[in-house]
Structures are given as structure tokens and as C-alpha cells.
Number of protein chains: 2
Amino acid sequence: MSGTHTDVPSMISAPLPSPVPADEHERCPVTDVLRRVGDKWSILVIVLLGRRPYRFNELHRGIEAISQRMLTRTLRALETDGLVHREVFPTVPPSVEYSLTPLGRSLLVPLSALADWAVEHRGDIAAARQASTSDT
Amino acid sequence: MSGTHTDVPSMISAPLPSPVPADEHERCPVTDVLRRVGDKWSILVIVLLGRRPYRFNELHRGIEAISQRMLTRTLRALETDGLVHREVFPTVPPSVEYSLTPLGRSLLVPLSALADWAVEHRGDIAAARQASTSDT
DNA sequence: CCGGATCCACTTTGATACTG
DNA sequence: CAGTATCAAAGTGGATCCGG
């Protein structure tokens with residue numbers, strides 16, 4: 001990539017109205033989205049569902065370290081935001097299948113860009129943390 | 001937009017080893033980064049510093065709704081991760097200037113992609129939330 | 001099989017007051 | 001001006017038990 005002279009397109013660089021609209025800082029869509037997917041499990045779930053639909057316990061086994069509670073909460077939150085679709089099959093033992101909605105699938109794209117950045121610069125971040133740990 | 005058949009490049013779509021490496025879910029660089037910038041103020045600070053260097057109280061006035069404590073903590077965290085540079089001028093009234101490091105500046109790019117997505121789909125998310133509120 | 005409910009611990013954020 | 005200290009409140013994640 002062309003690299004360091006980041007042009008920063010998009011509205012994120014648009015001149016702010018002067019002081020940040022303190023009453024709307026909670027409503028900043030960027031922050032809002034980041035806080036949604038920035039939790040402990042959402043990304044993992046989104047990535048997994050991006051590969052194919054999963055059933056609840058399948059997802060549970062797929063992640064292992066997550067508790068039922070958090071898996072349920074995460075899925076509900078993603079469903080509420082229209083990122084995940086939940087379909088219940090009225091079989092004898094209840095069966096529920098989760099999949100990504102088109103909206104959720106579209107989120108995978110910018111998420112990939114951030115993923116690339118994270119992977120590419122994980123070393124830099126780790127180094128910076130080390131440096132500040134063993135600071136003078 | 002070409003939209004729905006998201007190709008999903010990058011390693012985020014690379015086949016996972018089968019069950020998610022449960023022991024490393026904490027170390028997933030994507031989640032790690034997202035949780036860093038997914039807090040309440042980091043993005044705001046990064047975006048502001050992306051425009052030009054700021055001094056502490058200048059930043060404080062720029063955001064308003066943030067407390068001194070959180071501004072300090074946010075800046076320290078960003079500095080620790082090598083995203084923000086802190087320069088102290090030993091003037092009579094102490095003066096500290098914060099600016100984005102090249103690393104921090106490079107983060108602005110994928111952040112912009114996510115920002116675009118958030119802005120573009122904020123309506124969809126809002127609608128989804130509404131729908132689930134007044135659900136059958 | 002899916003997931004709600006309760007209780008508890010840890011983390012994050014915030015209000016206020018004080019300092020070099 | 002640029003922080004730090006302290007306390008309190010809220011949010012988040014987890015263990016376990018219970019129900020449809």
C-alpha cells in the first residue's frame with residue numbers, strides 16, 4: 001500500500017463543528033459500531049457465522065471459552081442490530097440456526113481492513129508496549 | 001453498491017483451525033485492537049489528533065463531555081500502544097502536546113472504512129433495533 | 001437443545017477535590 | 001496547565017442452577 005501519508009477519506013476527517021457535540025458523542029455511529037463489535041466475543045461470532053450458518057451448541061463448541069450466557073447475549077445483541085439472523089426449527093429437540101444477514105455480511109468487509117491492520121501492526125503495538133514497560 | 005456478496009479478503013476469512021483456538025481468543029489481534037479503540041473516547045481522540053496536534057486542555061475543550069481523568073487515561077493508553085506521541089514543553093506553565101504517531105495515523109485508514117460502513121448503515125441498524133422493539 | 005435467571009467478581013467510567 | 005487521588009456507580013463477563 002502507499003502507506004504512511006494516510007489521506008483519510010470518509011467523513012471521519014471532515015471538519016468537526018468545533019467542539020465535539022458533547023450531547024451526541026454517544027450517538028457517533030463509528031463509536032457506536034466499534035463498541036458493539038469491540039466486545040469480547042462479537043467478532044469471533046461474526047467471523048464464524050461468516051463462514052456458514054451455525055447452530056447454538058455448534059457455536060458453543062466452536063468457541064469453547066465462551067459461556068452459554070455470553071453466547072446468548074452476544075447473539076441477541078447482534079440479532080437486535082440486524083447483523084445476525086436467528087431461525088428456529090420446531091423440531092422435537094429444539095434447534096436454532098444462526099446466520100449472518102446481508103448487513104452483517106457487509107460488515108465483514110471493513111472489519112477485514114481493520115483485521116489486516118491489526119495483523120500487520122501487532123508487532124509495532126507489542127513493541128510499543130514493551131518500550132513503555134521498560135522505560136527509563 | 002455491489003454489496004451483498006462480500007468477498008472478504010484478508011485473514012479474517014481464512015479457514016479457522018476448526019474450533020476457535022480457545023486459548024488464544026484473548027490474543028486475537030483483531031479483538032485486541034477493537035477493544036482498544038472500541039472504548040468510549042479513543043476514536044474521538046484519534047480523529048481529533050488526526051487533524052492536527054492538540055494540547056491537553058485544548059483536547060479537553062474539544063470533547064467537553066470527557067472528564068480529565070478519562071482523557072488522561074485514554075491518552076496514556078494510546079501512547080502506550082504507540083499510537084499517540086506525547087511531547088512535554090518545559091515552559092513556565094507546563095505545556096504538553098499530543099499528536100498521532102505514524103502508526104496511529106495508519107490506523108486512521110481502516111478506521112475510515114469502518115466509519116464509512118457505520119455511516120452508511122446506521123439507518124439499517126436503527127431500523128433493526130426499532131423492528132426488534134416493536135416485534136410481534 | 002436452547003437459553004433464561006440469579007449471584008458474584010472484575011473492569012470501566014465518572015464526579016470531585018487536590019497538587020507540581 | 002496538566003495532571004493525580006479517591007470514591008462511587010455502572011457495565012461486562014462468568015458459574016451455576018433452572019425451565020421450556
Side-chain angles (χ1 to χ4, degrees), chain A residues 20 22-23 25-28 31-32 34-45 48-49 53-81 84-99 132 135, chain B residues 20 22-23 25-28 31-32 34-45 48-49 53-81 84-99 132 135:
Chain A
V20 169
D23 294 328
H25 71 274
E26 290 279 26
R27 300 178 178 179
C28 167
T31 299
D32 195 46
L34 272 248
R35 286 182 68 96
R36 270 294 178 200
V37 299
D39 67 14
K40 208 169 181 178
W41 307 109
S42 290
I43 293 185
L44 232 35
V45 171
L48 279 177
L49 292 183
Y54 272 80
R55 287 176 47 198
F56 187 86
N57 274 357
E58 204 176 2
L59 224 36
H60 195 186
R61 270 187 296 277
I63 301 186
E64 280 266 337
I66 198 176
S67 63
Q68 275 191 344
R69 185 180 113 112
M70 289 320 298
L71 182 53
T72 301
R73 290 185 79 167
T74 301
L75 287 169
R76 289 276 185 255
L78 294 175
E79 189 195 358
T80 297
D81 284 359
V84 160
H85 174 68
R86 176 174 179 265
E87 187 166 5
V88 183
F89 297 96
T91 57
V92 186
S95 171
V96 182
E97 190 178 87
Y98 293 91
S99 57
S132 63
D135 206 339
Chain B
V20 168
D23 294 328
H25 71 274
E26 289 281 24
R27 300 178 179 181
C28 167
T31 299
D32 194 46
L34 272 245
R35 287 181 67 94
R36 271 292 178 201
V37 299
D39 66 14
K40 208 170 180 179
W41 307 107
S42 290
I43 293 186
L44 231 35
V45 171
L48 279 177
L49 292 182
Y54 272 80
R55 288 176 45 196
F56 186 86
N57 274 356
E58 204 175 3
L59 225 35
H60 196 186
R61 270 187 297 276
I63 300 186
E64 280 263 335
I66 198 175
S67 62
Q68 276 191 340
R69 188 180 113 107
M70 287 320 295
L71 182 54
T72 300
R73 286 179 69 115
T74 301
L75 286 168
R76 290 274 188 257
L78 293 175
E79 189 194 359
T80 297
D81 284 358
V84 160
H85 173 68
R86 176 174 179 265
E87 186 166 6
V88 182
F89 297 95
T91 57
V92 186
S95 172
V96 182
E97 193 178 85
Y98 293 91
S99 57
S132 64
D135 205 338

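All values derive from a computational prediction rather than experimental measurement. Per chain, numbering begins at 1; letters A, B, ... match sequence-line order.
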Q: Atom CE of A:Met70 to atom C1' of C:dG3: distance rounded to whole Å?
A: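 Going from CE in A:Met70 over to C1' in C:dG3 covers 13 Å.
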Q: Reckon B:Lys40 has a side-chain N or O less than 4.0 Å from the OP1 or OP2 of D:dG11?
A: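 For B:Lys40, the contact criterion (side-chain N or O under 4.0 Å from OP1 or OP2 of D:dG11) is not met.
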Q: Would you give a per-nucleotide map of nucleotides 2-10 of chain D, 5' to 3', where B means the base has a protein non-hydrogen atom under 4.0 Å away, S means only the sugar-phosphate does, and - means neither?
A: SBB-B----
Q: Please enumerate all residues that pass side chain to side chain donor-acceptor pair (under 3.5 Å) together with B:Thr74, with sequence neighbours excluded.
A: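 With sequence neighbours excluded, B:Thr74 shows a side chain to side chain donor-acceptor pair (under 3.5 Å) to no residue whatsoever.
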Q: Check side chain to side chain contact (heavy atoms under 4.5 Å, CB included) between A:Arg76 and all other residues, then give those that pass, not counting sequence neighbours.
A: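 By the side chain to side chain contact (heavy atoms under 4.5 Å, CB included) rule, A:Arg76 matches A:Thr72, A:Glu79, A:Arg86, A:Tyr98.
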Q: So, taking the atom named CG in A:Leu48 and the one named CD1 in A:Ile43, what distance separates them when rounded to the nearest 0.5 Å?
A: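 Here the interatomic distance stands at 12.0 Å.
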Q: Quick one: list whatever passes side chain to side chain donor-acceptor pair (under 3.5 Å) with A:Ser67, sequence neighbours left out.
A: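 For A:Ser67, no residue satisfies side chain to side chain donor-acceptor pair (under 3.5 Å) once neighbours in sequence are set aside.
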Q: Quick one: list whatever passes side chain to side chain donor-acceptor pair (under 3.5 Å) with A:Arg69, sequence neighbours left out.
A: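 A:Arg69 satisfies side chain to side chain donor-acceptor pair (under 3.5 Å) with no residue once adjacent residues are dropped.
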Q: Nearest 0.5 Å, what's the CG-CZ distance between B:Leu78 and B:Arg36?
A: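 Here the interatomic distance stands at 8.0 Å.
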Q: Would you mind reading off the distance between A:Leu34 atom CG and C:dT12 atom C1', rounded to a whole angstrom?
A: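 That distance rounds to 17 Å.
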Q: Tell me, please, which residues at least two apart from A:Pro94 pass side chain to side chain contact (heavy atoms under 4.5 Å, CB included).
A: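 If we apply the side chain to side chain contact (heavy atoms under 4.5 Å, CB included) test to A:Pro94, skipping adjacent residues, there are no hits.
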Q: Starting from C1' on C:dC2, measure out to CZ on A:Arg73 and report it in whole angstrom.
A: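 Taking atom C1' of C:dC2 as the reference, CZ of A:Arg73 is at 17 Å.
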Q: Between D:dG11 atom P and A:Trp41 atom CH2, what is the distance in whole Å?
A: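 So the two atoms are 22 Å apart, to the nearest Å.
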Q: To the nearest 0.5 Å, how far apart are CG in A:Leu75 and NE2 in A:His60?
A: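 Result: 11.0 Å between the selected atoms.
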Q: For A:Ser42, which residues count as a side chain to side chain donor-acceptor pair (under 3.5 Å) partner, sequence neighbours excluded?
A: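 For A:Ser42 the side chain to side chain donor-acceptor pair (under 3.5 Å) partners, ignoring immediate neighbours, are A:Asp39.
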Q: I need the CZ-P distance between A:Arg36 and D:dG11, as an integer number of Å.
A: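 So the two atoms are 13 Å apart, to the nearest Å.
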Q: Starting at atom CZ of A:Arg35, determine the distance to atom P of C:dT12, rounded to an integer number of angstrom.
A: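 A:Arg35 atom CZ is separated from C:dT12 atom P by 11 Å.
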Q: Output the rounded distance in Å from CG (B:Leu71) to P (C:dT12).
A: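 After rounding, the gap between these two atoms is 17 Å.
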Q: Rounded to whole angstrom units, what separation is found between the CG atom of B:Leu59 and the C1' atom of D:dC1?
A: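 Interatomic distance, CG of B:Leu59 to C1' of D:dC1: 14 Å.
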Q: To the nearest 10 degrees, what angle separates the axes at the start and end of the helix from C:dC1-D:dG20 to C:dG20-D:dC1, five pairs each?
A: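 Rounded to the nearest 10 degrees, the bend comes out at 40°.
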